[in-house]
Chemist: 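Following this message is one structure expressed as structure tokens.
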There are 2 protein chains.
Amino acid sequence: MDKLTKKFRSRGHRITQSRLAITDILSRTDKPLTVSEIRRSLSQRKVTVDKVTVYRELTFLVREGIAGEVDFGEGAKRFESADRDHHHVVCVNCRRVEDVVLRHDIAAEERRIAQKKGFTITHHALEFFGLCASCR
Amino acid sequence: MDKLTKKFRSRGHRITQSRLAITDILSRTDKPLTVSEIRRSLSQRKVTVDKVTVYRELTFLVREGIAGEVDFGEGAKRFESADRDHHHVVCVNCRRVEDVVLRHDIAAEERRIAQKKGFTITHHALEFFGLCASCR
DNA sequence: TGACTGATGCAACTTAGTTGCATTATGATG
DNA sequence: CATCATAATGCAACTAAGTTGCATCAGTCA
């Protein structure tokens with residue numbers, strides 16, 4: 001029994017077809033996916049899952065720390081595996097996405113802001129936008 | 001005739017009641033506003049403006065560089081005056097927003113990424129989330 | 001004071017995301 | 001292996017964000 005299965009079962013959660021399929025889709029993609037992209041991918045695999053279930057599953061995976069949520073300001077959230085700490089560069093023309101690992105330590109900036117503003121900072125969102133080599 | 005009026009007229013744009021009211025609302029607020037907040041503010045001023053007009057006006061103001069668009073991942077975009085270069089800390093509980101001016105030069109990071117990824121980077125989005133002093 | 005055309009309102013629409021409720025099925029237990 | 005509690009699901013109906021087409025209105029310039 002793999003690690004994830006164990007984690008789920010120990011918390012009273014079940015291993016279902018949709019859960020397996022959605023986590024698998026997220027783990028295989030190299031860019032964050034919207035709900036409609038995930039649904040398209042599910043139907044390609046002949047897995048029938050209602051959209052409500054997809055939303056609920058994603059909420060669940062984010063809460064469990066298995067998936068991460070990003071927002072490129074497109075009017076729909078995107079989801080990806082949460083295993084890496086990175087940001088993205090998005091081509092505003094072709095929507096190509098590449099991962100970016102910052103050189104600078106944002107955590108230090110967060111501590112400074114927390115100190116100055118009296119906030120407890122839990123997370124941040126940082127995405128870069130522009131044109132990729134082929135769209136330029 | 002003020003500077004903005006001049007700018008508008010020179011480009012063939014007109015000074016209308018909605019345009020004046022919306023730019024005024026944005027200039028007076030200390031936090032970015034959603035379309036529905038702007039509409040609420042408009043009706044408080046007894047200015048009747050259709051929601052379509054508000055959307056079109058905001059698109060216009062962003063295109064003209066007068067307003068800026070931010071997205072806190074709430075499912076609705078927010079708009080603010082575009083005069084300052086800053087980011088935000090958002091309290092996830094009470095939605096209080098404070099401006100943040102970064103100490104670190106993001107532009108340098110952008111240049112590094114552009115170089116490495118072959119992108120031309122035009123802009124970025126950076127927001128911090130957490131709990132404010134009173135919500136903690 | 002026209003007339004050109006930018007701005008507006010209305011209706012109708014698309015799409016993202018949510019909620020309530022009845023039903024199904026996973027997996028722990030005896 | 002059968003049972004059962006409840007996690008997960010599907011469906012229908014809904015809310016809210018944002019968009020489009022088109023006829024009409026109203027700033028602005030000459």
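Every chain is numbered from 1, with letters handed out A, B, ... down the list of sequences. Keep in mind the model is a prediction, meaning the values are calculated, not measured.
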Chemist: For B/His13 and A/Arg14, find the nucleotide of DNA chain D closest to each by heavy atoms; which residue's nucleotide sits nearer the 5' end?
Modeler: A/Arg14
Chemist: Within the pair A/Ser18 and D/dT9, is there a side-chain N or O less than 4.0 Å away from OP1 or OP2?
Modeler: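 Yes, within the criterion.
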Chemist: Both conditions, 6.0 Å and 45 degrees, for the charged tip of A/Arg78 above the ring of A/Phe72: are they met here?
Modeler: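 Verdict for A/Phe72: no cation-pi partner in A/Arg78.
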Chemist: Does a side-chain heavy-atom distance below 4.5 Å link A/Leu58 with A/Phe79?
Modeler: yes
Chemist: Which residue lies toward the 5' end of DNA chain D, A/Val52 or A/Phe60, if each is placed at its nearest nucleotide?
Modeler: A/Phe60
Chemist: From C/dC4, D/dA17, C/dT8, pick the nucleotide closest to the side chain of B/Ser36?
Modeler: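 Of all the options, the side chain of B/Ser36 is nearest to D/dA17.
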Chemist: If you compare all heavy atoms of B/Gly130 against all heavy atoms of A/Thr122, which two are closest, and at what distance to 0.1 Å?
Modeler: CA-OG1, 3.6 Å
Chemist: Which nucleotide, C/dA28, C/dG9, C/dG17, lies nearest any side-chain atom of A/Val35?
Modeler: C/dG17
Chemist: So what does A/Arg56 hit on the nucleic acid, given a heavy-atom distance under 4.0 Å: a base, only sugar-phosphate, or nothing?
Modeler: base
Chemist: Let's see if you can work this out: which of D/dA17, C/dT8, C/dG17 has an atom nearest to the side-chain heavy atoms of A/Ala76?
Modeler: C/dG17
Chemist: Is it the case that more than 12 heavy atoms not belonging to A/Lys116 sit under 6.0 Å from its NZ atom?
Modeler: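 Count not over threshold, so no.
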Chemist: Please pick, from C/dA16, D/dA8, C/dT8, the nucleotide with the shortest atom-to-atom distance to any side-chain atom of A/Arg19.
Modeler: D/dA8
Chemist: Is any side-chain nitrogen or oxygen of B/Thr16 closer than 4.0 Å to OP1 or OP2 of D/dA26?
Modeler: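 No, B/Thr16 has no side-chain N/O under 4.0 Å of OP1/OP2 on D/dA26.
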Chemist: Looking for any heavy atom pair under 4.0 Å, which part of the strands does B/Thr34 touch: base, sugar-phosphate only, or nothing?
Modeler: nothing
Chemist: Where the side chain of A/Asp50 is defined as all heavy atoms beyond and including C-beta, which of D/dT28, D/dG10, C/dT8 is the nearest nucleotide?
Modeler: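 The closest nucleotide is D/dG10.
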Chemist: Under 4.0 Å, counting only non-hydrogen atoms across every strand here, what does A/Ser10 touch: a base, just sugar-phosphate, or nothing?
Modeler: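 Nothing, no heavy atom under 4.0 Å.
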Chemist: Is B/Asp99 salt-bridged to B/Lys31, cutoff N-O under 4.0 Å?
Modeler: no
Chemist: Using a 4.0 Å heavy-atom cut-off, does A/Thr48 contact any base of the nucleic acid, only the sugar-phosphate backbone, or nothing at all?
Modeler: sugar-phosphate
Chemist: Which whole-number value in Å describes the distance from A/Phe79 CZ to C/dA16 P?
Modeler: 12 Å
Chemist: Does A/Thr53 put a side-chain nitrogen or oxygen below 4.0 Å from OP1 or OP2 of D/dG10?
Modeler: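 Checking A/Thr53 against D/dG10: at least one side-chain N or O falls below 4.0 Å of OP1 or OP2.
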Chemist: May I ask you to say what A/Lys51 touches in the nucleic acid, namely base, sugar-phosphate or nothing, with a heavy-atom cut-off under 4.0 Å?
Modeler: base
